[in-house]
Amino acid sequence: MTDGVVLIGLPGSGKSTLGRELAGRLGRPFADTDDLVRARTGRSPGQLIGEDGEAAFRALESAVIADLPTGAVVATGGGAVEDPINRWRLWQHNRVVWLHSSPERLASRLAGDPESRPLLGSDLEAGLARLAERRAPFYRAADLALDADRADALEVICGALAEPRPVGRRLFDAELPRHHPVGPATARVVFGIEPPLPRVGGTASVVVDRRVAHLAPPGRRLEVAAGERAKRLRGVERILDWLSEVRHERNDPLVAVGGGTLGDLAGLAAALFGRGVPLVMMPTTWLAQADAALGGKVAVDLATAKNAVGAFWPPIAVVSNVAALRTLPAARLRDGLAEAIKAAMIGDPQLWQLLEERGAAALRDDEEARYAITERAARVKLAIVERDPYETGERRQLNLGHTLGHALEIESRYRLSHGAAVALGLRAAARLAVARGAAPNLGERLDALLMSLGFRLTRAFDKNLVRDAMGSDKKRSDGRQRWLMPMAIGQVVEVDDVNEAELQAAMGVIGA
């Protein structure tokens, strides 16, 4: 057996003590990531965080994780799992065990510990509860969850190691509020490498894009042609008729397998059939995994308005398999990267840095970076949707780049891909923002990133048709067009007073 063992959990859960005992039992080397950081710097994690900041400590922690010996038993720092790249590396060749306990018990253990823990604050129990909530999606993705106070913990872990290694691995497993009066109160969101489908009950009916039919789970199946041109009411009607023919019941889940357009079609059908049936999303494109399958908005297009007919119908589960992206062509991968760039501009400067450093490699074969980009983009959207599920305020930030982007798609009769349109829309929004006082290098940084990822920065289009399409945009209010403007990486504002001269200048930047 060459698999290592990784112990994760909050401070005080006993990872180091149990790890040393387990390493001795198995005859393996033992590594403690906090001790490895001390060995490199001569300072404890608490000292590093207090003196240099958490970001500096996390960078050192990631460096030691990258150098861990094969087959070791590893005790991790409590927050190491927050970085998706760390998790990818820890999970990739190891069994992962989550040692969990209540914040009250952990606080009692840590009360006499002289180690500085600045992330917990003065109230240890409250600090631990806060970290437990924030890190729950990462801890829950472990292969084995174990009460930290079990006397037979060593035997349980050794017994689990004797079992075959799981085929699929979860790397992120969140239970989130579903925000809808009909159906369950919570939803599961799972990311990983061929992660297992959660048990959702009922008899599944599966609607799948025929191009990825091999990725569909067992169940009654309808294969459809997906794509923006197919995202019309007639497509929804076909699904509804099929659900009636197979006698789909209200408690049976409808599983949507495909990209964003397939998710919209099947999602709207799920919202309408029987006044709402459980929806499970299995996104198979980068765009859908990073954005479209999340948030619960489902819609189809009209001839002159994109996503004009729809509903809020949150799924009960979203299961994203990064391995499904391996066979996508570069053009389709770029669609997902455009949404990731949008998410970074809205609220994640670390994602922006990751895109600058490894985005081009992720387009090729860097699956580690591809996964991290996907998860970070998704987490931006999930956090915003949780705070504003019905798009009454903050959630409108997710339309960054889409005001002009959607109009460009309509003008092209949907020959222009969504990602390419959003990239152009982001450039136009950045032009508007810089003219109004945004970070002066914002436009140059965006252009450099887009060029490094192979996006076209300009396109020939009919400005009059684009203006007409913007007139039917659902983001208009009281006859005024809303625009989202990026003022800096991670900072977006909303305005509704863009004048004609500004609009012409923005369109001029992207016009060929």
### Task
Kindly compute the distance separating SG (C158) from CG (L26), expressed to the nearest 0.5 Å.
5.0 Å
### Query
Got a sec: does the CD of E51 have more than 12 other heavy atoms crowding it under 6.0 Å?
yes
### Task
Apply the test side chain to side chain contact (heavy atoms under 4.5 Å, CB included) to residues F57 and D52: give CA-CA distance (whole Å), side-chain angles for both, the deciding distance (0.1 Å), then the verdict.
CA-CA 7 Å; F57 166 68; D52 299 343; over 6 Å; no
### Query
Checking D335 side chain against L287 main chain: does a donor-acceptor pair fall under 3.5 Å?
no
### Task
Looking only at non-hydrogen atoms, find the nearest pair between P103 and L128 and report the distance.
O-CD1, 3.7 Å
### Query
Is the closest side-chain heavy-atom distance between S101 and S13 below 4.5 Å?
no
#### Entry: Under 3.5 Å: donor-acceptor pair, side chain of R178, backbone of P314
yes
## Note on the structure
Here the gap from M451 atom CE to D447 atom CG, rounded to the nearest 0.5 Å, amounts to 5.5 Å
### Query
So do V207 and L265 actually touch side chain to side chain, heavy atoms under 4.5 Å?
no
#### Entry: Taking every non-hydrogen atom, the tightest pair across A338 and L426
O-CD1, 4.1 Å
### Task
Could you tell me whether E367 atom CD has more than 12 heavy atoms of other residues or ligands within 6.0 Å of it?
yes
### Query
Between E249 and T203, do the side chains contain an N or O donor and an N or O acceptor separated by less than 3.5 Å?
no
### Task
With the side chain counted from C-beta on, respond yes when V81 and N86 share a heavy-atom pair under 4.5 Å apart, and no when they do not.
no
### Task
Could you tell me whether the side chain of T17 and the main chain of G14 form a donor-acceptor pair under 3.5 Å?
no
### Query
Would the number of heavy atoms belonging to other residues, nucleotides or ligands and lying under 6.0 Å from CZ of R387 be above 12?
yes
### Query
Under 4.5 Å between any side-chain heavy atoms of L442 and P486, yes or no?
yes
### Task
For R396 and T392, indicate whether the former's side chain and the latter's backbone hold a donor-acceptor pair under 3.5 Å.
yes
### Task
Drop me the distance from R89's CZ to D67's CG, to the nearest 0.5 angstrom.
9.0 Å
### Query
Are V212 and L262 side-chain neighbours, meaning at least one heavy-atom pair lies under 4.5 Å?
no
### Query
How far apart are the closest heavy atoms of A226 and T261, and which atoms are they?
CB-OG1, 3.7 Å
### Query
Salt bridge between R332 and D209, side-chain N to carboxylate O under 4.0 Å?
no
### Query
With a 4.5 Å heavy-atom cut-off, do L68 and L36 have their side chains touching?
yes
### Query
Sub-3.5 Å donor-acceptor pair from the side chain of R140 to the main-chain atoms of D173, do we have one?
yes
### Query
Hey, does the side chain of S116 reach the backbone of Q47 with a donor-acceptor pair shorter than 3.5 angstrom?
no
### Task
Would you name the heavy atoms of L119 and R135 that are closest together and state the gap between them?
CD1-NH2, 4.2 Å
### Task
List the atom of R165, the atom of N94, and the distance in Å for their closest heavy-atom pair.
NH2-N, 4.0 Å
### Query
How many angstroms lie between atom CZ of R43 and atom CG of L48, to the nearest 0.5 angstrom?
4.5 Å
### Query
Taking Y390 for the side chain and H179 for the main chain, is one N or O donor matched with an acceptor at less than 3.5 Å?
yes
#### Entry: Side-chain (T76) to main-chain (L7) donor-acceptor, under 3.5 angstrom
yes
### Query
Does the pair W88 and V322 meet the rule for a side chain to side chain contact (heavy atoms under 4.5 Å, CB included), with working shown?
CA-CA 11 Å; W88 180 276; V322 70; 4.0 Å; yes
### Query
So, R395 side chain and P389 main chain: donor-acceptor pair closer than 3.5 Å or not?
yes
### Query
Going through the distances and angles, do Y371 and R87 end up as a side chain to side chain contact (heavy atoms under 4.5 Å, CB included)?
CA-CA 10 Å; Y371 173 77; R87 243 176 302 123; 3.8 Å; yes
### Task
Would you indicate whether N251, at its atom CG, is surrounded by more than 12 heavy atoms from other residues, nucleotides or ligands within a distance under 6.0 Å?
no
### Message
Can you give me the closest heavy-atom contact between P164 and R95, atom names plus distance?
### Response
C-NH2, 3.4 Å
#### Entry: Cationic N near anionic O, under 4.0 Å, E155 to R25
yes
### Task
May I ask you to decide whether R105 forms a salt bridge with D147, counting only side-chain N to carboxylate O separations under 4.0 Å?
yes
### Distance (rounded to the nearest 0.5 Å) between E339 CD and L400 CG
9.5 Å
### Task
In plain terms, say whether R169 and D143 are close enough for a salt bridge, that is, a side-chain N and a carboxylate O under 4.0 Å apart.
yes
### Matching residue for L197 among V190, N321, V280 - test: side-chain contact (heavy atoms from CB on, under 4.5 Å)
V280
### Query
Between atom CD of E391 and atom CG of N399, what is the distance when rounded to the nearest 0.5 Å?
5.0 Å
### Query
Mind checking whether D83 and F138 have side chains closer than 4.5 Å, heavy atoms only?
no
### Query
Is there a donor-acceptor pair under 3.5 Å between the side chain of W286 and the backbone N or O of L328?
no
#### Entry: Sidechain N-carboxylate O distance under 4.0 Å for R379, E375
yes
### Task
Please step through side chain to side chain contact (heavy atoms under 4.5 Å, CB included) for the pair L144 and V156, ending with a clear verdict.
CA-CA 9 Å; L144 175 65; V156 173; 4.2 Å; yes
### Task
Please examine the side chains of I341 and V422, heavy atoms only from C-beta on, and report whether any two atoms are closer than 4.5 Å.
no
### Message
Check the orientation of W313 and H180. Use parallel for under 30°, tilted for 30 to 60°, and perpendicular for over 60°.
### Response
perpendicular
